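Before we start, here is the structure in question, set down as structure tokens.
Values below: all heavy atoms of this structure, side chains included; hydrogens, waters and symmetry mates excluded. Since the model is a prediction, treat every value here as computed from it, not as a measurement. Read the numbers this way: they start at 1 and go in the same order the structure lists the ligands and their atoms.
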Amino acid sequence: MTSATPVRIIDGKAAAVRVRAEVKAAVALHTAAGRRAPGLATVLVGDDPASHVYVKNKRKQAAECGLISAHHELPSTTTTAELLAVVSKLNDDGAVDGILVQLPLPKHIDEHAVLVALDPQKDVDGFHPDNVARLTMGLAGGFVPCTPLGCLRLLDDEKELQLRGARAVVVGRSNIVGKPMASLLLGRDCTVTIAHSKTKDLAGVCRQADVLVAAIGRAQMIGAGFIKPGAIVIDVGINRLPEIDGRPGKLVGDVDWAAIEGVAAAATPVPGGVGPMTIAMLLQNTLTSYVRRLGIEH
Ligand code: GUN
């Protein structure tokens, strides 16, 4: 019996290293020319442990690329009005090119009011309705959310993959990943389906996909029956399995890697796939904002 062809790993960690090196080199050129460094402001409200880890990593990598990162940590009791005041200050601060308000916010805060209050030209997360509209309408000059932008970059690096005319299925309809991912793929002339938890025959829908993007947040839900032979699979999920013998469970994606072995052509691993790309694209978006705001060549 022959063993199944192993799935080729799409190495997001290595791709993120390349993007960060590009950002770092560009920042070095600007500062060598006597300009200020790009500024990224991070805002973290409350004590969600995962959000603290994410923001810490974002700040660390920003610093490594030569960006100035200013951090604002607010207690979970912060009101919408207090957070809006912080956003307003950052909007007015000339040294701040990018503003990142880490989501989710505590339940009592009006998230929409906060996102709408961001200066769209500093909205490096691409969550402001102006930027959402630009992406949906295919207009340049906005910002695209970092996770789907990172996924697209990984797909663009797949030399054998022809996105034009390909069937793409995005599982998950969040504003952060699913919807913007679908818009990006549509912009690349894919035939796009957005599937979700209420989709009938989800496996059958996914099996049509040349490109499958899984962003559901359900551990290892995508198995062999969901994969078209030869498909490219992008796994956005980060799920922690239940602890065993008091030890924390391991991190897994939405895709059951063992099950897709021999069916999919290539897939992003978890960890080391999409995750590192999200931060790299945040740094790239901040550099883009800086270049636009200063009116200089990239
Ligand atoms: N929470 C989960 N992903 C993101 C992201 O890309 N940006 C922000 N601000 N919050 C998030």
Side-chain angles (χ1 to χ4, degrees), residues 12 16 19-20 39-62 67 69-74 76 78 83-84 86-87 90-91 96-107 109-120 122-132 135 142-154 170 172-184 213-217 234-240 251 253-254 268 270-271 273-286 288-289:
V19 174
R20 290 202 304 271
L40 172 66
T42 51
V43 181
L44 179 55
V45 186
D47 28 49
D48 177 64
S51 290
H52 275 259
V53 173
Y54 292 144
V55 172
K56 191 174 144 206
N57 287 337
K58 288 171 183 180
R59 294 177 60 209
K60 180 168 171 272
Q61 294 186 23
L67 276 64
S69 89
H71 183 53
H72 299 260
E73 209 161 301
L74 307 170
S76 55
T78 302
L83 181 53
L84 288 175
V86 171
V87 168
L90 296 173
N91 282 344
V96 170
D97 300 293
I99 305 171
L100 176 133
V101 179
Q102 185 66 24
L103 302 181
L105 291 167
K107 293 224 174 335
I109 293 183
D110 181 347
E111 182 180 296
H112 181 69
V114 173
L115 297 182
V116 171
L118 290 166
D119 177 347
K122 295 187 175 187
D123 169 36
V124 285
D125 260 325
F127 294 162
H128 187 285
D130 281 11
N131 286 319
V132 176
L135 174 60
F143 289 105
V144 175
C146 305
T147 300
L149 193 58
C151 295
L152 187 68
R153 170 92 184 219
L154 292 177
V170 179
R173 53 179 155 175
S174 71
N175 292 332
I176 297 183
V177 183
K179 288 181 203 161
M181 188 74 238
S183 294
L184 282 175
V213 180
I216 331 144
I234 303 290
D235 189 354
V236 182
I238 302 179
N239 314 287
R240 196 168 284 285
L251 278 184
D254 291 347
T268 59
V270 175
V274 172
M277 288 301 282
T278 296
I279 302 184
M281 300 327 275
L282 170 70
L283 306 178
Q284 189 184 80
N285 277 352
T286 306
T288 300
S289 174

Of all heavy-atom pairs linking R173 and K179, the shortest is O-CE, 3.1 Å
Which atom names give the shortest non-hydrogen contact between F143 and N285, and what distance separates them? CE2-O, 3.3 Å
Of the non-hydrogen atoms in A117 and N91, which two are nearest, and what is the gap between them? O-ND2, 2.8 Å
Of all heavy-atom pairs between V236 and C151, which one has the smallest distance, and what is that distance? CG2-SG, 3.9 Å
How many angstroms lie between CG in L154 and CE in M277, if you round to the nearest 0.5 Å? 4.5 Å
For ligand 1, list the protein residues that place a heavy atom within a distance below 4.0 Å of one of its atoms, sorted by chain and number. K58, L100, V101, Q102, L103, D125, F127
Answer yes or no: is there a side-chain heavy-atom contact under 4.5 Å between S51 and P104? yes
